[in-house]
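The block underneath contains the structure these notes are about, expressed in structure tokens.
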Number of protein chains: 2
Amino acid sequence: MLSHTEENYIKCIYQLSENELTKQVSTNEIADNLETTPASVSDMLKKLTQKNLINYIKYKGVTLSEQGITEALKIIRKHRLWEVFLVKHLNFAWDEVHEVAEQLEHIKSVLLIQRLDEFLDFPKFDPHGDPIPSQDGTIPIVQQIPISEVNIGDHGTVTGVNDASKALLQYLDKVGIQLNSTIEIIDIISFDQSVEIKIDHQKTLFISQEIAKNIYITTI
Amino acid sequence: MLSHTEENYIKCIYQLSENELTKQVSTNEIADNLETTPASVSDMLKKLTQKNLINYIKYKGVTLSEQGITEALKIIRKHRLWEVFLVKHLNFAWDEVHEVAEQLEHIKSVLLIQRLDEFLDFPKFDPHGDPIPSQDGTIPIVQQIPISEVNIGDHGTVTGVNDASKALLQYLDKVGIQLNSTIEIIDIISFDQSVEIKIDHQKTLFISQEIAKNIYITTI
DNA sequence: AAAAATAATTAGATTAATCTAAAACATAAT
DNA sequence: ATTATGTTTTAGATTAATCTAATTATTTTT
Ligand SMILES: [Mn+2]
Ligand SMILES: [Mn+2]
Ligand SMILES: [Mn+2]
Ligand SMILES: [Mn+2]
């Protein structure tokens with residue numbers, strides 16, 4: 001049985017190597033991400049090695065073991081199911097759910113999560129467009145691409161954000177971009193790579209390259 | 001901010017003095033209840049005193065302070081609201097909710113509980129008939145009495161159980177007694193004080209005095 | 001009132017998680 | 001190939017929560 005803290009470390013390592021699970025994650029990356037010190041991370045990596053959750057070579061970084069990946073997916077599944085519950089049933093805004101889900105993800109009860117999943121009607125994506133792993137660890141894959149990497153004239157629908165921070169989400173609310181909004185790329189400004197987009201066939205808007213990197217769309 | 005453990009102690013002390021909040025709760029009682037040692041309890045009582053949550057005199061026992069009562073009621077409110085959610089929306093049986101609620105009660109978010117309360121339509125009682133404290137700490141009172149203390153011929157409806165243990169609840173399920181069942185006292189056997197009751201105007205049944213002590217009814 | 005029994009506290013360790021400061025290692029720059 | 005820089009680990013403490021064993025206080029019995 002993993003402790004609250006161990007679970008947070010495992011999830012963190014997963015997320016830092018999400019695109020390439022063979023990537024060696026560094027001690028400092030983990031420390032930054034969990035807002036703790038490298039020394040604490042080193043200690044914890046020893047413990048997680050003992051529990052066969054990670055492959056760890058001193059000074060060389062860390063990857064999750066098979067078992068570690070399984071555990072990570074369980075926690076992420078719980079986190080995202082709770083997020084769906086909070087938004088769909090308790091009227092939380094998509095920028096308000098993270099801290100609470102960060103706690104709820106640690107509740108231990110297999111039955112609870114099965115029933116919650118059923119209650120929510122087996123959702124495939126969370127309120128930020130992130131895929132919800134199934135009970136057996138399968139992750140739905142979406143063909144999506146950041147707005148910063150599409151061409152003028154392309155169009156699609158918003159299927160996710162790269163970063164679920166309050167700052168980004170509240171900005172998106174402000175300008176009227178949400179999941180499933182349609183986006184058309186009107187122009188890309190060569191000076192700073194900012195992008196002019198049309199939202200839901202209505203208003204047009206300039207977004208910085210930084211923002212463009214953080215909005216994923218599925219092109220049609 | 002209270003830790004998970006501190007919250008469990010505060011709730012325990014509350015429950016051990018629920019009928020009479022001025023009652024001095026003993027170290028051993030707390031240790032038994034939390035399945036820990038008297039030594040650990042002594043340590044924790046010092047800490048809770050520091051935090052002004054209890055009134056504690058060495059060797060004399062402990063009562064909750066005003067602040068302690070407030071905190072206890074918050075935790076109990078959360079516990080019972082979650083139990084309602086589990087039973088009403090996730091199809092948990094009334095004997096399955098306790099362990100999960102024991103964890104959920106520690107989730108920290110005022111907004112979450114406000115929204116949950118609203119989602120559940122402001123329930124006044126949990127699945128075991130226990131009253132749910134309001135946000136300001138008010139507790140609905142029900143005039144209820146254990147079956148062991150009523151007279152032959154009296155009748156009423158089940159409004160609670162004294163002990164929400166799996167063993168009792170599963171027995172009640174087995175014999176068809178649930179919240180709001182109507183109960184009529186047919187006979188009280190002088191030999192062992194067991195009670196013959198009629199449930200929902202249908203089947204009659206003998207229950208031991210021990211059981212009778214644990215079912216509360218409101219007489220009509 | 002003294003002795004015995006019970007209850008509660010303290011002393012001293014242990015484990016988990018954390019930190020700061022110092023040491024060891026790896027990499028980049030000269 | 002040294003040196004400098006940055007990264008990671010270890011050494012040594014700290015805090016929270018727990019335990020066993022020893023001590024102290026209270027209550028009950030004789
Ligand atoms: Mn978390
Ligand atoms: Mn999310
Ligand atoms: Mn609890
Ligand atoms: Mn209950």
Side-chain angles (χ1 to χ4, degrees), chain A residues 1-14 16-17 23-64 67-68 71-72 75 99 102-103 105-108, chain B residues 1-14 16-17 22-64 67-68 71-72 75 102-103 105-108:
Chain A
M1 179 102 89
L2 301 189
S3 73
H4 190 107
T5 310
E6 289 167 341
E7 290 190 340
N8 282 337
Y9 272 88
I10 291 296
K11 188 172 64 134
C12 171
I13 296 167
Y14 180 88
L16 290 173
S17 57
K23 181 200 164 199
Q24 298 288 329
V25 178
S26 77
T27 301
N28 272 355
E29 275 181 286
I30 298 169
D32 284 355
N33 202 273
L34 294 177
E35 297 181 80
T36 183
T37 61
S40 301
V41 175
S42 277
D43 285 346
M44 183 57 83
L45 293 182
K46 272 183 220 149
K47 189 145 67 110
L48 296 176
T49 303
Q50 279 307 309
K51 294 199 174 189
N52 290 309
L53 293 160
I54 58 174
N55 308 116
Y56 171 48
I57 306 166
K58 267 201 261 187
Y59 294 103
K60 295 291 179 184
V62 63
T63 61
L64 287 181
Q67 202 195 321
E71 291 300 328
I75 305 161
E99 303 141 60
E102 202 56 47
Q103 299 175 62
E105 71 189 358
H106 303 289
I107 302 290
K108 270 141 185 106
Chain B
M1 179 102 89
L2 302 189
S3 72
H4 189 108
T5 310
E6 289 167 339
E7 290 190 341
N8 282 337
Y9 272 88
I10 290 298
K11 187 172 64 134
C12 171
I13 295 167
Y14 180 88
L16 289 173
S17 56
T22 56
K23 181 200 163 198
Q24 299 288 328
V25 178
S26 77
T27 301
N28 273 354
E29 275 180 287
I30 298 169
D32 284 354
N33 202 273
L34 294 177
E35 297 181 79
T36 183
T37 61
S40 302
V41 175
S42 278
D43 285 346
M44 183 57 84
L45 293 182
K46 272 182 222 149
K47 190 147 63 113
L48 296 176
T49 302
Q50 279 308 310
K51 295 198 173 190
N52 291 310
L53 292 161
I54 59 175
N55 308 115
Y56 171 48
I57 306 165
K58 267 202 261 188
Y59 295 101
K60 295 291 180 185
V62 63
T63 60
L64 287 181
Q67 202 195 320
E71 290 300 327
I75 304 161
E102 203 56 47
Q103 299 175 61
E105 70 189 1
H106 302 289
I107 302 290
K108 270 139 185 111

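Computed from heavy atoms alone, side chains included, the values below leave out hydrogens, waters and symmetry copies. Keep in mind that what you see is a predicted model, and the values were worked out from it rather than measured. Convention: sequence-line order gives letters A, B, ...; per-chain numbering from 1.
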Is the shortest distance from a Lys or Arg side-chain nitrogen in E6(B) or K11(B) to a carboxylate oxygen in the other one below 4.0 Å?
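Answer for the salt bridge query: no.
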Hey, is E7(A) close enough to K108(A) for a salt bridge, meaning N to O under 4.0 Å?
yes
Which nucleotide wins on minimum distance to the side chain of T37(B), given the candidates dT20(D), dT18(C), dT18(D)?
dT20(D)
May I ask you to evaluate whether T36(A) reaches the phosphate of dC19(C), defined as a side-chain N or O under 4.0 Å from OP1 or OP2?
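Answer is yes, contact under 4.0 Å.
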Should S40(B) be listed as having a side-chain N or O under 4.0 Å from OP1 or OP2 of dC19(D)?
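For S40(B), the contact criterion (side-chain N or O under 4.0 Å from OP1 or OP2 of dC19(D)) is met.
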Would you kindly give the [atom1]-to-[atom2] distance between [X] and [N], to the nearest whole Å?
| X | N | atom1 | atom2 | value |
| --- | --- | --- | --- | --- |
| D43(A) | dT20(C) | CG | P | 13 Å |
| L2(A) | dA16(C) | CG | C1' | 14 Å |
| Q24(B) | dA8(C) | CD | P | 11 Å |
| M1(A) | dA16(C) | CE | P | 15 Å |
| L48(B) | dT18(D) | CG | P | 11 Å |
| H4(B) | dA16(C) | NE2 | C1' | 15 Å |

In Å, rounded to the nearest 0.5 Å, how long is the span from CD of Q67(A) to CD1 of I54(A)?
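Answer rounded to 0.5 Å: 11.5 Å.
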For E71(A) and K51(A), run salt bridge (charged side-chain N to carboxylate O under 4.0 Å, His left out): C-alpha distance rounded to whole Å, both residues' side-chain angles, the deciding distance at 0.1 Å, then the answer.
CA-CA 12 Å; E71(A) 291 300 328; K51(A) 294 199 174 189; over 6 Å; no
Could you list, one pair per line, each protein nitrogen or oxygen that sits under 3.5 Å from a nitrogen or oxygen of nucleotides 5-9 of chain D, together with the distance?
from   : atom 1 : to     : atom 2 : distance (Å)
dT8(D) : OP2    : N28(A) : N      : 3.0
dT8(D) : OP2    : N28(A) : OD1    : 3.4
dT8(D) : OP2    : N28(A) : ND2    : 3.2
dT9(D) : OP1    : Y56(A) : OH     : 2.3
dT9(D) : OP1    : Y59(A) : N      : 3.1
dT9(D) : OP2    : T27(A) : OG1    : 2.8
dT9(D) : OP2    : S42(A) : OG     : 2.6
dT9(D) : OP2    : Y56(A) : OH     : 3.4
dT9(D) : O5'    : S42(A) : OG     : 3.4
dT9(D) : O4'    : Y59(A) : OH     : 3.4

Residues H106(B), Q103(B); criterion side chain to side chain contact (heavy atoms under 4.5 Å, CB included); working and verdict
CA-CA 6 Å; H106(B) 302 289; Q103(B) 299 175 61; 5.5 Å; no
In a table with atom names and distances, give each donor-acceptor pair under 3.5 Å that connects a side chain of residues 30-46 of chain A to protein atoms at least two apart or in another chain.
from   : atom 1 : to     : atom 2 : distance (Å)
T37(A) : OG1    : S40(A) : N      : 3.3
T37(A) : OG1    : S40(A) : OG     : 2.9

